[in-house]
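Note that this is a predicted model, so its numbers are computed, not measured. Nothing fancy with the numbering, it's 1 onward along the sequence.
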Amino acid sequence: MATELHKLIGTSEEDDDEDMEMDVKEEDDDDEENGQKHIAAPVMVGVGGMATSSSNSQFQQHHQQELVSTPGGSTRRCRPLEEKERTKLRERHRRAITARILAGLRRHGNYNLRVRADINDVISALAREAGWVVLPDGTTFPSRSQAQRPAGGTPAVVTSSSSHMVSQQSPPASLRGVTSGYQSSVEYNAGRMKSIYMPGSSTYDLSSSVRSQTSPLVGDGGEHTESHPLVGSSMNAVGDKQILDQPQKLLERDFAGTSNVPVYVMLPLGVINMKCELVDPDGLLKQLRVLKSVNIDGVKVDCWWGIVEAHVPQEYNWNGYKRLFQMVRELKFKLQVVMSFHECGGNVGDDVCIPLPHWVAEIGRSNPDIFFTDKEGRRNPECLSWGIDKERVLRGRTAIEVYFDYMRSFRVEFNEFFEDDTISMIEVGLGPCGELRYPSCPVKHGWRYPGIGEFQCYDRYLLRSLRKAAEARGHSLWARGPDNAGSYNSRPHETGFFCDGGDYDGYYGRFFLKWYSQVLVDHGDRVLYLAKLAFERNRIAAKLPSIHWWYKTANHAAELTAGFYNSCNRDGYATIAAMIKKHGAALNFTCAEVQMLDQHGDFSEALADPEGLVWQVSITVLNAAWDVGIPIASENALPCHDRVGYNKLLDNAKPMNDLDGRHFLSFTYLRLSPLLMESQNFMEFERFVKRMHGEAVLDLQV
């Protein structure tokens, strides 16, 4: 059996015509019923015994067949029993592969394919997802949004690097590329986008390196043929030609002479302890001096609410931060400070535990509705619910008053650092991890990637807001959260709310999601307004997260539970960009190094598309921000110590073909650690800093 299967896999030309059918039937039965229906490139032996075929002699010897006469005077093929058995094995093998492909599309891609789907069903599903119209008779044409594209079928955008055009021409042979139906969200959003910046993949990033490793194919006489991404690193024979794959180093982009993007390094989470004391000042000073030697521009640090106002309302202890800031100023570093109104611990990368102030926890024990709550009634003390922004439940103060008093105290305490411009920017915490989002995916409640998360609107204050909105709409029965949205680790197609044609796109679903996302925008609006008052003319910033999993589904379920109403027919980021512009704030987006996110898990399962998300956010936020003068800062979401990751960060920070020469305001590297200080890692980091500054470096190969 193994020998026959090996023969089966080794066949080539005879199988090509037979492999066109997906609705597979047994070919020996077909021959008996349909005569010559499935004759595929037979080798015919004439009277003189001369074989005629385009294949080599080995193929001829293996597949010689004789023709027999029929009563009607015609001839037909008489196939040996051995070949019939081989055909049965081939068809069983092919049916098994087809079944796995279709099962994967149904399970992971939400494709509604019938049990005996064929190639036409698959192509139709992919075409419809890409925005095309496919009629029952097979007639296919662009939809209205597709027809609005420029001539040639490519969107009117300028790519961030020339390598993106390469990646469009040579899609990777992966499930991610198959299930999407389109190579990038350029095609997905072409009907509603008018921007010009698109951060594309680089010639040296991980995804495109597979496509770019092979050299041109060399045939007879030294002529070059088109390279193929699936050719391995070995000598292969096709006909009478040889293919030699020669791996070659890829040339990096030269950033010498480009604009200077300041580089900051995030200090360790536990640099200040719970007593507001500087931990290991001598060791920190040594590390800062090493960073100074490679000319970084400054450092960034969290100012934790749970440390500074830990015990009594409006009693602030800034002692440890004073000593830290003085050390930073003596080294002539710039300083970015985060107003951290959330707890630390329990998230990816958290190595210390810093809870909310003790007096807040005491209030929470008697009134747990001050915290975000899921539909099972579980409270999340990571940050305060936005439902109490205007509720005087914190010892006579509202939540936004508490935030304002804290920020104003910081501004007064560190006035000298503002006056001499040591402090260059204040990032205002707006939610969990300091990001403007709901805590929809808490690890402490059992969430694991790639779960869709849960809506966090079940504390009594947010439910009261929902009830008012429903009554104002004239539908009091809508004053409830979805009861069919699954749990933290559900997949979209497993729920009645997020599945194709589910409630998320119905009248109630659209009402609820609009209210849910508006609460997020209103919270950001209120806090940034007060931050502007507290810090006056100093620069402030807001941080947005990267919610990349389930991005390629129509519902974008993980984004919806996080508060971004960004389903396939809506732009969930434009309203946020307008709000940030209103307050003159900068935008800090954390998904700069999307290629590094491949370390996090199997994206094919969740149809995640971090590059597509970066592309859309750049269209809806980054370009919109630059067009109206909003500066953009960024930071890496995961540790990065290799040249491939650094190159991706550089490409995003300095778009190659942007006619206006726009670039990021600054970049923050997360974070200072012993691993960064290792010799090889630090050499790569120093090289990265030079290129961010627009300096020349040697050896532009990766």
Enquirer: After noting the C-alpha distance and the side-chain angles of Cys441 and Tyr449, does the key distance pass the side chain to side chain contact (heavy atoms under 4.5 Å, CB included) rule?
Expert: CA-CA 9 Å; Cys441 301; Tyr449 174 88; over 6 Å; no
Enquirer: Among all residues two or more places apart in sequence or in another chain, which pass the ring-ring contact (aromatic ring centres under 6.0 Å, His included) test with Phe511?
Expert: Trp478
Enquirer: Tell me whether Arg395 is salt-bridged to Glu362, with the criterion being a basic N under 4.0 Å from an acidic carboxylate O.
Expert: yes
Enquirer: Between the side chains of Trp447 and Ser440, is a donor N or O closer than 3.5 angstrom to an acceptor N or O?
Expert: no
Enquirer: Which residue in the set Glu536, Glu401, Glu413 passes salt bridge (Lys or Arg N to Asp or Glu O under 4.0 Å) when paired with Arg408?
Expert: Glu536
Enquirer: Please tell me if the side chains of His311 and Pro357 come closer than 4.5 Å, counting only heavy atoms from C-beta onward.
Expert: no
Enquirer: Under 4.0 Å between a Lys/Arg side-chain N and an Asp/Glu carboxylate O for Lys300 and Glu635?
Expert: yes
Enquirer: For the pair Leu284 and Leu324, evaluate side chain to side chain contact (heavy atoms under 4.5 Å, CB included) and give the outcome as yes or no after the intermediate values.
Expert: CA-CA 9 Å; Leu284 178 62; Leu324 173 62; 3.7 Å; yes
Enquirer: Checking Asn566 against Arg570 for the side chain to side chain donor-acceptor pair (under 3.5 Å) test, could you report, in this order, the C-alpha distance in whole Å, the side-chain angles of both residues, the deciding distance, and whether it holds?
Expert: CA-CA 5 Å; Asn566 193 53; Arg570 259 187 79 96; over 6 Å; no
Enquirer: Do side-chain atoms of Trp549 reach the backbone of Gly451 as a donor and acceptor pair under 3.5 angstrom?
Expert: yes
Enquirer: Sort and list the pairs that fulfil salt bridge (Lys or Arg N to Asp or Glu O under 4.0 Å) and have at least one residue in residues 463-472, not counting sequence neighbours.
Expert: Glu391-Arg464
Enquirer: Could you work out, with side-chain hydrogen bond (donor to acceptor under 3.5 Å, both in side chains) as the rule, every residue matching Tyr458, not counting sequence neighbours?
Expert: none
Enquirer: For residues Thr422 and Phe325, determine if any side-chain heavy atom of one lies less than 4.5 Å from a side-chain heavy atom of the other.
Expert: no
Enquirer: Verify, without hydrogens or angle tests, whether Asn588 (side chain) and Lys543 (backbone) share a donor-acceptor contact under 3.5 angstrom.
Expert: no
Enquirer: List the residues meeting salt bridge (charged side-chain N to carboxylate O under 4.0 Å, His left out) with Lys375, not counting sequence neighbours, and say none if there are none.
Expert: Glu454
Enquirer: What pairs with Asp421 under side-chain hydrogen bond (donor to acceptor under 3.5 Å, both in side chains), at least two apart in sequence or on another chain?
Expert: none
Enquirer: Distance check, rounded to the nearest 0.5 Å: Lys532 atom NZ versus Met407 atom CE?
Expert: 12.0 Å
Enquirer: Which residues satisfy the side-chain hydrogen bond (donor to acceptor under 3.5 Å, both in side chains) test with Ser409, sequence neighbours excluded?
Expert: Trp318
Enquirer: Consider ring pair (Phe, Tyr, Trp, His ring centres under 6.0 Å). Of Phe341, Trp304, Phe535, which one does Tyr406 pass it with?
Expert: Phe341
Enquirer: Without swapping roles, check the side chain of Lys654 against the backbone of Met692 for a donor-acceptor pair under 3.5 Å.
Expert: yes
Enquirer: At what distance, to the nearest 0.5 angstrom, does CG of Leu665 lie from OG of Ser424?
Expert: 8.0 Å
Enquirer: Would you mind checking if Glu416 and Arg411 are paired as a salt bridge, meaning a charged N to carboxylate O distance below 4.0 Å?
Expert: no
Enquirer: Name all residues meeting the ring-ring contact (aromatic ring centres under 6.0 Å, His included) criterion together with Tyr321; count only those two or more places apart in sequence or in a different chain, and write none if there are none.
Expert: none
Enquirer: Verify the ring-centre separation between His342 and Trp305: is it less than 6.0 angstrom?
Expert: no
Enquirer: Output all residues satisfying salt bridge (charged side-chain N to carboxylate O under 4.0 Å, His left out) with Lys334, sequence neighbours left out; order by chain, then residue number.
Expert: none
Enquirer: Side-chain contact, heavy-atom cut-off 4.5 Å: Glu343 with Cys383?
Expert: no
Enquirer: Judged by atom type as modelled, is there a donor-acceptor pair below 3.5 Å linking the side chain of Glu435 to the main-chain atoms of Pro545?
Expert: no
Enquirer: State the CD-CZ distance between Glu277 and Arg323, to the nearest 0.5 angstrom.
Expert: 9.5 Å
Enquirer: Sort and list the pairs that fulfil ring-ring contact (aromatic ring centres under 6.0 Å, His included) and have at least one residue in residues 264-283, not counting sequence neighbours.
Expert: none
Enquirer: Could you check Phe667 against Phe688 for ring-ring contact (aromatic ring centres under 6.0 Å, His included), going step by step and ending with a plain yes or no?
Expert: CA-CA 11 Å; Phe667 176 81; Phe688 165 71; 5.6 Å; yes
Enquirer: Please determine whether side chain to side chain donor-acceptor pair (under 3.5 Å) holds for the pair Asp459 and Thr373, giving the CA-CA distance in whole Å, both sets of side-chain angles, and the decisive distance to 0.1 Å.
Expert: CA-CA 5 Å; Asp459 63 83; Thr373 308; 4.8 Å; no
Enquirer: Looking at Phe333, is Lys292 sitting on its ring face, NZ or CZ under 6.0 Å from the six-membered ring centre and within 45 degrees of the normal?
Expert: yes
Enquirer: Can a side-chain donor-acceptor contact be found between Asp525 and His583 if the only test is distance below 3.5 angstrom?
Expert: yes
Enquirer: Could you verify whether a donor N or O on one side chain and an acceptor N or O on the other, from Gln326 and Arg329, lie under 3.5 Å apart?
Expert: yes
Enquirer: Who are the side chain to side chain contact (heavy atoms under 4.5 Å, CB included) partners of Asn260, not counting sequence neighbours?
Expert: His693
Enquirer: Assess whether side chain to side chain donor-acceptor pair (under 3.5 Å) is satisfied between Asn636 and Arg671, documenting all intermediate values.
Expert: CA-CA 9 Å; Asn636 53 307; Arg671 72 182 61 241; over 6 Å; no
Enquirer: Measuring from Leu291:CG to Leu331:CG, what's the distance to the nearest 0.5 Å?
Expert: 9.5 Å
Enquirer: Is there a side chain to side chain donor-acceptor pair (under 3.5 Å) between Tyr488 and Asp374? Walk through the geometry before answering.
Expert: CA-CA 10 Å; Tyr488 286 112; Asp374 62 22; 2.7 Å; yes
Enquirer: Which residues satisfy the salt bridge (charged side-chain N to carboxylate O under 4.0 Å, His left out) test with Asp522, sequence neighbours excluded?
Expert: none
Enquirer: Between Phe564 and Tyr573, does the ring centre distance come in under 6.0 Å?
Expert: yes
Enquirer: Using modelled atom types and a 3.5 Å cut-off, is there a donor and acceptor pairing between side-chain atoms of Ser567 and backbone atoms of His556?
Expert: no
Enquirer: Hey, do the aromatic rings of Phe372 and Phe455 have their centres closer than 6.0 Å?
Expert: no
Enquirer: Report, as yes or no, whether the 6.0 Å neighbourhood of atom NZ on Lys514 holds more than 12 heavy atoms from other residues, nucleotides or ligands.
Expert: no
Enquirer: Less than 6.0 angstrom separating the ring centers of Tyr516 and Tyr438, yes or no?
Expert: yes
Enquirer: Within the side chain of Tyr403, is there an N or O that forms a donor-acceptor pair under 3.5 Å with the backbone of Asp389?
Expert: no
Enquirer: Step by step, would you call Phe414 with Phe410 a ring-ring contact (aromatic ring centres under 6.0 Å, His included)?
Expert: CA-CA 6 Å; Phe414 296 100; Phe410 177 87; 4.8 Å; yes
Enquirer: For a quick test of reading the model, state the closest non-hydrogen atom pair linking Ile426 to Met339 and the distance between them.
Expert: CG2-CG, 3.8 Å
Enquirer: With a 4.5 Å heavy-atom cut-off, do Ile540 and Met425 have their side chains touching?
Expert: no
Enquirer: Mind checking salt bridge (charged side-chain N to carboxylate O under 4.0 Å, His left out) for Lys390 and listing every partner two or more places apart, or none if nothing turns up?
Expert: none
